Amino acid sequence: MIQYQAKIRVTLRPSVLDPAGTAVASGLQNMGYNTVEQVRMGKYIELTLQAENQTQAEEMVNSMCDRLLANPVIENYDFDVEAVAAGANT
């Protein structure tokens, strides 16, 4: 088994209202950052997992996203999966 690290980004679909993003955009504009036109909020998840190979690791992460980490009805997600050297994340 090989250890992999997944970096997952989850964001609301463009058609879904984003009140948190709207509040942050308004706050930034009130602070003088007038060039900010739009903010979309999301979440970032890192996890490590064991898998036989890269393909299996990516399939596992995709399944995790579909089943728990994201709500596919209202959210989009993408991720990167990289092999981690043994003992690299101490």
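Worth saying up front: this structure is predicted, and the values here are computed from it rather than measured.
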> With Gln38, which residues qualify under side-chain hydrogen bond (donor to acceptor under 3.5 Å, both in side chains), at least two apart?
Replying inline: none
> Do Met41 and Leu28 sit in the same hydrophobic cluster, where Ile, Leu, Val, Met, Phe, Trp and Tyr count as joined when their side-chain heavy atoms come under 4.5 Å apart?
Replying inline: yes
> Of all residues at least two apart in sequence or in a different chain, which pass the side chain to side chain contact (heavy atoms under 4.5 Å, CB included) check with Thr55?
Replying inline: Asn53, Glu59
> With a 4.5 Å limit on heavy-atom distance, are the side chains of Lys7 and Glu46 in contact?
Replying inline: yes
> What pairs with Gln54 under side-chain hydrogen bond (donor to acceptor under 3.5 Å, both in side chains), at least two apart in sequence or on another chain?
Replying inline: Glu58
> Sequence neighbours excluded, which residues qualify as side chain to side chain contact (heavy atoms under 4.5 Å, CB included) partners of Met31?
Replying inline: Tyr33
> Between Leu69 and Ile45, what is the shortest heavy-atom contact and its length?
Replying inline: CB-CD1, 4.0 Å
> Are any side-chain N or O atoms of Ser26 and backbone N or O atoms of Thr22, one a donor and one an acceptor, separated by less than 3.5 Å?
Replying inline: no
> Do Ile74 and Arg13 pass the side chain to side chain contact (heavy atoms under 4.5 Å, CB included) test, and can you show the C-alpha distance, the side-chain angles, and the key distance before you say yes or no?
Replying inline: CA-CA 6 Å; Ile74 62 169; Arg13 291 180 179 260; 5.5 Å; no
> Does Phe79 share a hydrophobic cluster with Leu12, counting links as ILVMFWY side-chain heavy atoms below 4.5 Å and allowing steps through other members?
Replying inline: no
>> Applying salt bridge (Lys or Arg N to Asp or Glu O under 4.0 Å), can you list everything that pairs with Asp78, at least two apart in sequence or on another chain?
In response: Arg9
>> Same cluster or not: Met64 versus Ile2, using hydrophobic residues (I, L, V, M, F, W, Y) connected whenever any side-chain heavy atoms lie under 4.5 Å apart?
In response: yes
>> For a quick test of reading the model, state the closest non-hydrogen atom pair linking Gln50 to Met1 and the distance between them.
In response: OE1-CB, 3.6 Å
> For Gln56, what residues pass the side-chain hydrogen bond (donor to acceptor under 3.5 Å, both in side chains) criterion, not counting sequence neighbours?
Replying inline: none
> Taking all non-hydrogen atoms of both residues, which atom of Asp66 and which atom of Pro72 are closest, and how far apart?
Replying inline: O-CG, 3.8 Å
